[in-house]
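Okay, so here's the structure we're looking at.
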Amino acid sequence: MPRPSLTTTIRYFSSSSRACGTISNIGKQPIPIPPNVTVTPSPTSLAVKALTVEDGAVKHQRAMWGTTRTLISNAITGMTNGFSIPLYLVGVGYRAALEVDPRGTMDGGNGKRLNMKLGHSHNIFLPIPAHITAEVPSATKITLSCTDNVALGHFAASIRRLRPPEPYKGKGVFIGNETIRLKAVKKK
């Protein structure tokens with residue numbers, strides 16, 4: 001037996017001004033398009049049109065409305081300003097250097113690789129993808145920049161996965177202003 005509805009709310013989701021009812025906070029924010037960016041729909045790229053949800057009762061459509069708005073906003077921000085993530089190597093002897101990859105641009109790389117010393121018995125060589133730019137301003141800091149926020153986050157996470165921060169001494173690879181809570185040493 002279906003449960004009776006306590007209140008009936010009609011929901012309309014649209015990017016136009018006639019939107020009424022209950023809408024998400026992210027979905028109702030306008031997307032600022034700078035004057036030097038042109039958005040043109042074509043079959044091979046993103047076709048931008050009014051974001052509408054056909055049926056407000058379907059939860060998946062409501063969820064995708066805000067998601068689509070955020071993805072378009074991130075694409076515009078990436079093309080105008082770009083995204084940048086700093087990585088910090090914290091630990092005794094942890095170092096990073098940017099060098100030429102002897103394999104060149106094979107495997108989708110841009111011809112450069114990171115040579116990292118992260119406390120292992122060997123150096124770790126990580127080729128940099130073609131669409132990501134890496135800089136090493138100091139031996140313990142790596143700055144990654146790209147126009148795609150998702151790809152940048154995946155590559156930064158793959159570097160962090162090599163030596164994640166540990167909670168006892170606080171050593172490891174930190175992304176941005178990431179902090180961890182240190183645990184007390186276990187005493188007998």
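Positions are given from 1, in the same order as the sequence printed here.
Residues T77 and F83 meet the side-chain proximity criterion, which asks for heavy atoms closer than 4.5 Å. The closest side-chain heavy-atom distance from H131 to N110 is not below 4.5 Å. The shortest distance between side-chain heavy atoms of N123 and M116 does not fall below 4.5 Å.
Distance OH/Y94 to OG1/T140: 12.5 Å, rounded to 0.5 Å. To the nearest 0.5 Å, atoms CZ (R160) and CG (L89) are separated by 12.5 Å. Atoms NZ and NE2, on K117 and H120 in that order, are 13.5 Å from each other to the nearest 0.5 Å. In this structure, CD1 in I128 is found 8.5 Å from CD1 in I142, a value given to the nearest 0.5 Å. Distance check, rounded to the nearest 0.5 Å: NZ of K171 to CD of E166 gives 6.5 Å.
A continuous path of hydrophobic side-chain contacts links L98 to I85 [ILVMFWY only; heavy atoms under 4.5 Å]. Hydrophobic clustering (side-chain heavy atoms under 4.5 Å, transitive across Ile, Leu, Val, Met, Phe, Trp, Tyr) groups I124 together with I132. Under a hydrophobic-cluster definition in which Ile, Leu, Val, Met, Phe, Trp and Tyr are linked whenever side-chain heavy atoms come within less than 4.5 Å, directly or via other members, I175 and F155 are assigned to the same cluster. By the criterion of side-chain heavy atoms lying less than 4.5 angstrom apart, applied directly or through intervening Ile, Leu, Val, Met, Phe, Trp or Tyr residues, L152 is not grouped with F174; the two fall into different hydrophobic clusters. Transitive grouping of hydrophobic side chains (ILVMFWY, heavy atoms separated by less than 4.5 Å) brings L144 and L162 into a common cluster.
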Would you please test R103 and F125 for side chain to side chain contact (heavy atoms under 4.5 Å, CB included) and show each step?
-> CA-CA 12 Å; R103 296 180 300 171; F125 299 104; over 6 Å; no
What verdict does the side chain to side chain contact (heavy atoms under 4.5 Å, CB included) test give for K112 and D101, after you've listed the backbone C-alpha separation in whole Å, the side-chain angles of each residue and the deciding distance to 0.1 Å?
CA-CA 5 Å; K112 295 182 181 179; D101 194 355; 5.7 Å; no
#### Entry: Audit row: T143, S84, side chain to side chain contact (heavy atoms under 4.5 Å, CB included) steps and yes/no
CA-CA 7 Å; T143 304; S84 166; 3.7 Å; yes
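With respect to E99 and R113, a salt bridge is recorded, a charged nitrogen being found less than 4.0 Å from a carboxylate O. Between E135 and K141 there is no salt bridge, since no side-chain N of the basic residue sits under 4.0 Å from a carboxylate O of the acidic one.
The shortest heavy-atom contact between P165 and E178 is CG-OE2, 4.3 Å. Residues V90 and G170 share a closest heavy-atom pair of CG1-O, 3.6 Å.
The backbone N or O of G172 lies less than 3.5 Å from no partner atom in the side chain of R163, so there is not a single donor-acceptor pair. In this structure, N74 contributes its side chain and N149 its backbone to no donor-acceptor pair below 3.5 Å.
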